[in-house]
Amino acid sequence: MQEGQFMPGHEHEHRSHTIILPAPTPWPMVLALGLSLSIAGMVTHWIISVLGVILVLRSMFGWFFDIFPHELHIAVPVQTGVMEISSTRTTREQLPIGADHRQMLPVETFSVTSGIKGGIVGGIAMIVPAAIFGLLKYHSIWYAVNLLAAGGFISWASESTAFLCQFHLEGLLAATGIHAFTSILIGLLYGAMLPMFPRKPILTAGFVAPLLWTGLLYSALGIISPVLNARINWLWFVVSQVAFGLVCGFIVNLQVKVRTPQFRSLPFAVRAGIHSDLPLTKDEEL
Amino acid sequence: MTTTPVLEAIDETLETQGQPPVNVIYEWLTTVDHKKIGLMYIVYALLFLVVGGFEAILMRIQLAIPNNHFVSPQVFNQLFTMHGTTMVFFMGMPILFGMGNYLVPLMIGARDMAFPRLNAFSFWISAFAGILLYYSYIGGSGLYAAGSAPDVGWFAYAPLTSKVFSPGHSTDYWTLAVLLSGVGSIGTALNIVTTILCMRCKGMKMSRMPLLPWLYLVMSGLVFVAVSPLTAAQVMLTLDRYLGSHFFDTQAGGSAILWMHFFWIFGHPEVYVLVLPAFAFANEIIPVFSRKAMFGYPAMVAASVSIGFISLSVWAHHMFTAGLGPAGNTFFVFATMVISVPTGIKIFNWLATIWGGKIIFAPPMMFMVAFLFQFLIAGLTGIMLSAAPFNWQLSASYFVVAHFHYVLVGAIVFSLFGAFYYWYPKVTGKMMDETLAKWHFWLFLIGFHLTFDFMHVPGILGMPRRIYTYEAGRGWDTLNFIVGIGAIFQAVGTLILVYNMIHSYYKGKEAGHDPWDAWTLEWSVPSPPPSYNFAIEPTVNSRRPLWDLKHPEDPDSDYE
């Protein structure tokens, strides 16, 4: 706020040393009482309701004439004086910012949408190892599909392996929905993480994130979906996650980077591409 | 070096002192001033806090030892019904609406609420609703014709509320009182939203608005969406009970589950209606007592709005044991877990605000530190309960009671107490006694943890909620006794607060207009503020207008 910022928004009021405010009125309270009594009559006596209705009508009448034809106001007298707005603290500190403080932040990174694209393609790629697992282990590509769908069909918990190896349209639809939703969500999360880890997307997406995600699921799946937890093969799960991550990271790596707000703080010569001798990131400086 | 710029004008209301009591009473009955209405909301809510707290103490005495018959089963049913209803509808919401009424116009540089008369009406109808509820002790006959107050629980599940199971008028009192209070809540929410959207002072863009009005904006939006279904459900229940309709009559094709949906589509957002103002107080107090600007203002706003939206999609986690089916269970498990993300953002931002600050452990900040810790624990047990299989085991147990009291007391009441100590000097012009405040803090903190930490354990051991008494030897005896002792600590702490408020009003030190060296607009006017708030409409250039005044050489507007 600049000095003299308290501008006289109501100059006419200030000069006359009064301020116009809505006038006090009993009618809101009477209306509330009337409504309460008219309802209370239902559980007490009809006379109470009649009294309530009378109060409601009277208060509506009174309230109406509080406002029409002109709203009732009161003029409140004002005495002006001088007030000091000051701090009792005499010292003020700012975070020490070194010359290279901001250089830790990237001036370019991948956008969130690149993470979503990676999630979608990674999700498609993940189907391959899942299908191979089903074929090798149960001679059916539908096993993994139905197992995923079982998270949404609690009645499938007691079904046999043979049942899970068969094709079920509702299972395919449910699994497709769950898989698509989860893939996009993971892609979105990954996209949101990218500005923090912008340098090696394939490593991050291909190995670090899948292992973190698997660990998280390993600890929680027993609660979220006991059916899935009882039948899941964690080795193949990790393989499919890594497949997801590698493809996701590859797709992200193909995307064009976008500039972050830190780019704006660079000198004009650098932003214009005339000079490029300033380090953009700490890594590049090193 | 701090400079001392001077405002061009200060306003001092020419209050007429020594009025006859009749005039004073008439002035309060007819007032449309947002500050007076706010104070009436707060006083009325504090009275109900005492009543609801007394009911809680009676319940804890009943449960302190096994095979106890301190009260009858019928009275016990009434106690937990009235305690829950009172604390949610007639203490929690009114006190938070009162704080909002008082603070929002002052913080956005307005002279009053957008609809001052509607504001008065909203307060009075809420107040009469509370009186109507407690009139049931005189006017109604309840279950078994043995009691008179409502005894169907604060959620009033169907078909227990049908005429067959609840003859007499006790349930009607509950229905009508809640319905009336809902009208008041929607009126006040409408006022808050309109005031914030239309009456901000010059320069106060939404991106410069203090976080408290932001949170009240989200909270009021939630009230619109959440209270309306409850009001509709109350009308339907009244039709069932009076005109023979069958909305919730399971014997005639109605649905008890329908009531659960109606109730909880209100009931869970209601938790956020109550907790968002608690967040709002934390947003104002923590930066001032850490002597730092709020960390991550845009993220805090985004998180608040996100909480508002997500909270509308989690209600059925209260109904996992009703048999929602796998799709419903899965959706509500994930929706409930997702809400921990924006909530987590808030906790991290509060911690980041404290981090590296010059922390002042005055009473408001002490309560905020406890709030942070306890809200985190409440959130963690909330995530546990959001997992459907876990919930199936512990639903309707004392674990759930402990969890939601951790939210309601550990987070909301602690934050509210912090807000009392923070804004009391503004409201009265007097400082509260700090020694008494610390006694209040430590007694209440110890009492809270004795009660609600230990309450989790009997829940895990299988103690159902709403149980009247229990056999000895189940492993619940000592734990329940400790829980009861904790309740007494909390009661004593609360009485100290009440004493401190009265004592300080008469004997407290003069506060001045800005005792905490704070940064928002309410601290730029005298304490207590004049009826018109600001003689000259303020203009702001940043989120901390008083910081800019105090430090014109380094204003926030240079950074925002």
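So you know, we letter chains A, B, ... as the sequences are listed, proteins then strands, and number each from 1. Values in this document were obtained by computation on a predicted structure and should not be read as measured data. Just so you know, these numbers use all the heavy atoms, side chains as well, and skip hydrogens, waters and symmetry mates.
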Item checked: Reported CG-to-CD1 distance for the pair B/Asp33 and A/Ile74, which is rounded to 0.5 angstrom ->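 Atom-to-atom, B/Asp33:CG and A/Ile74:CD1 are 8.5 Å apart.
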Notebook entry, point to check: In Å and rounded to the nearest 0.5 Å, what is the OG1 to CD1 distance from B/Thr175 to A/Ile39?
Noted result: 11.0 Å
Next item on the list: Side-chain contact test, heavy atoms from C-beta onward, threshold under 4.5 Å: evaluate it for A/Pro26 versus B/Thr30 and give yes or no.
Entry: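 Sidechains of B/Thr30 and A/Pro26: in contact.
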Notebook entry, point to check: Can you tell if the side chain of A/Val76 reaches within under 4.5 Å of the side chain of B/Ser531, non-hydrogen atoms only?
Noted result: yes
Margin query: Applying side chain to side chain contact (heavy atoms under 4.5 Å, CB included) to B/Asp514 and A/Ile85, what does each step give before you reach the verdict?
Written below: CA-CA 8 Å; B/Asp514 183 18; A/Ile85 301 290; 5.6 Å; no
Taking side chain as everything from C-beta outward and backbone as N, CA, C, O, which of these in [X] sits under 4.5 Å from a heavy atom of chain A? Side chain, backbone, both or neither.
{"X": "B/Tyr26", "value": "side chain"}
{"X": "B/Asp554", "value": "side chain"}
{"X": "B/Leu180", "value": "side chain"}
{"X": "B/Tyr242", "value": "side chain"}
{"X": "B/Lys292", "value": "neither"}

Does any heavy atom of chain B fall under 4.5 Å from the side chain of [X], the backbone, both, or neither of them?
{"X": "A/Leu31", "value": "both"}
{"X": "A/Trp27", "value": "neither"}
{"X": "A/Ala23", "value": "backbone"}

For [X] and [Y], which heavy atoms make the closest approach, and how far apart are they?
{"X": "A/Ile19", "Y": "B/Ala535", "result": "CD1-CA, 3.6 Å"}
{"X": "B/Lys550", "Y": "A/Ser87", "result": "CG-N, 3.7 Å"}
{"X": "B/Tyr173", "Y": "A/Val43", "result": "OH-O, 3.5 Å"}
{"X": "A/Met29", "Y": "B/Phe128", "result": "O-CE1, 3.7 Å"}
{"X": "B/Trp124", "Y": "A/Ala32", "result": "CB-CB, 3.6 Å"}
{"X": "A/Ser86", "Y": "B/Asp517", "result": "O-OD1, 4.2 Å"}

Check: Quick one: ring pair (Phe, Tyr, Trp, His ring centres under 6.0 Å) partners of A/Tyr218, sequence neighbours excluded?
Finding: A/Trp234
Margin query: Among residues at least two apart in sequence or on other chains, which ones pass side-chain hydrogen bond (donor to acceptor under 3.5 Å, both in side chains) with B/Ser527?
Written below: B/Lys426
Notebook entry, point to check: Under the side-chain hydrogen bond (donor to acceptor under 3.5 Å, both in side chains) test, which residues partner B/Thr238, sequence neighbours left out?
Noted result: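 If we apply the side-chain hydrogen bond (donor to acceptor under 3.5 Å, both in side chains) test to B/Thr238, skipping adjacent residues, there are no hits.
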Check: Within a reach of under 6.0 Å around CZ of B/Phe320, are more than 12 heavy atoms found that belong to other residues, nucleotides or ligands?
Finding: yes
Check: Which of the residues B/Leu29, B/Leu176, B/Asp172 is involved in the greatest number of heavy-atom pairs with chain A at under 4.5 angstrom?
Finding: B/Leu176
Next item on the list: For the pair B/Tyr532 (side chain) and A/Thr18 (backbone), establish whether a donor and an acceptor sit closer than 3.5 Å, ignoring hydrogens and angles.
Entry: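 No, the answer is negative, given that no donor and acceptor are paired below the 3.5 Å cut-off.
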Check: Listed by residue number, which members of residues 55-62 of chain A have a heavy atom under 4.5 Å from any heavy atom of chain B?
Finding: none
Checklist line | side chain to side chain contact (heavy atoms under 4.5 Å, CB included) between A/Thr25 and B/Arg117, intermediate numbers included | finding: CA-CA 8 Å; A/Thr25 170; B/Arg117 296 171 190 84; 4.0 Å; yes
